[in-house]
Amino acid sequence: MPELPEVETIASNLRNGALDQPSLLGMIIASGEVLWTRSLATPSVDEFSKRLPGQAVDGIWRRGKFLVLRLSQDYLLFHLRMSGDLLVERQDTPIALHHRLLIDFWNGYRLAFNDTRKFGRAWLVKEPDAVLSG
């Protein structure tokens, strides 16, 4: 299970970039795809796919074990649970066996939610407090 230091490291890498990945800050979303429906807690898969395009990533932080991405109009939250991870990779990278959700950006990168055990969840919400306070 990712513990707080690992979750903070993931948030930092998404925010600042890492050796082989750019920062997500300022990237504009081209599309979102849910590969395993139960990975998305809310909204519906159709609404998720409709709301994401055109939004930019404006901020990234951790609250407890939640990863929070502030988008132009919404918040995208992830809880990695036991085996989840968020990976920034080129869109031409083959989709891994345990990728559950993909967010493609206009610059050729994607954010992949990879979760071997299928316990992790994602939420796309207008306000994060409903998820974070419950």
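Since this is a predicted model, take the numbers as computed values, not measurements. Keep in mind that the numbers below use all heavy atoms, side chains included, and drop hydrogens, waters and symmetry copies.
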>> Between Q55 and D74, is there a side-chain donor-acceptor contact under 3.5 Å, judged purely by atom types and distance?
In response: yes
>> Any donor-acceptor pair under 3.5 Å linking the side-chain atoms of S12 with those of N16?
In response: yes
Report yes or no: do [X] and [Y] belong to one cluster of Ile/Leu/Val/Met/Phe/Trp/Tyr joined by side chain heavy-atom distances under 4.5 Å?
X    : Y   : result
L80  : V34 : yes
L101 : V45 : yes
L67  : M27 : yes
F66  : F48 : no

> Are the side chains of P43 and R51 in touch, meaning some heavy atoms are under 4.5 Å apart?
Replying inline: yes
With a 3.5 Å distance limit and no angle check, can you tell me whether [X] reaches the backbone of [Y] through a side-chain donor-acceptor pair?
X   : Y    : answer
E6  : E3   : yes
S39 : R121 : no
R15 : I60  : yes
R63 : K65  : no

Could you pull out the closest heavy-atom pair between [X] and [Y], with the gap in Å?
X   : Y   : value
H79 : R81 : ND1-N, 3.1 Å
S72 : D58 : CA-OD2, 3.4 Å
V7  : G64 : CG1-O, 4.4 Å
E33 : L35 : OE2-CD2, 3.4 Å
P53 : A30 : CB-O, 3.5 Å
G32 : S49 : O-OG, 3.4 Å

>> Looking at R90, I want to see if its CZ is surrounded by more than 12 non-hydrogen atoms of other residues, nucleotides or ligands under 6.0 Å.
In response: yes
> Rounded to the nearest 0.5 Å, how far apart are CG of L4 and OG1 of T9?
Replying inline: 10.5 Å
Under 3.5 Å, sequence neighbours excluded: what are the donor-acceptor pairs made by side chains of residues 104-115?
unit_1: W106; atom_1: NE1; unit_2: I29; atom_2: O; d: 3.4
unit_1: N107; atom_1: OD1; unit_2: Y109; atom_2: N; d: 3.2
unit_1: R110; atom_1: NE; unit_2: E89; atom_2: OE2; d: 2.7
unit_1: R110; atom_1: NH1; unit_2: Q91; atom_2: O; d: 3.1
unit_1: R110; atom_1: NH1; unit_2: T93; atom_2: O; d: 3.4
unit_1: R110; atom_1: NH2; unit_2: E89; atom_2: OE2; d: 2.9
unit_1: R110; atom_1: NH2; unit_2: T93; atom_2: O; d: 2.4
unit_1: N114; atom_1: ND2; unit_2: H99; atom_2: ND1; d: 2.8
unit_1: D115; atom_1: OD1; unit_2: S83; atom_2: OG; d: 2.8
unit_1: D115; atom_1: OD1; unit_2: G84; atom_2: N; d: 3.4
unit_1: D115; atom_1: OD2; unit_2: F119; atom_2: N; d: 3.0
unit_1: D115; atom_1: OD2; unit_2: G120; atom_2: N; d: 2.6

>> So, applying side chain to side chain contact (heavy atoms under 4.5 Å, CB included) with L69, which one of I103, L25, L124, L24 is it?
In response: L24
> Centroid-to-centroid, F78 to W123, below 6.0 Å?
Replying inline: no
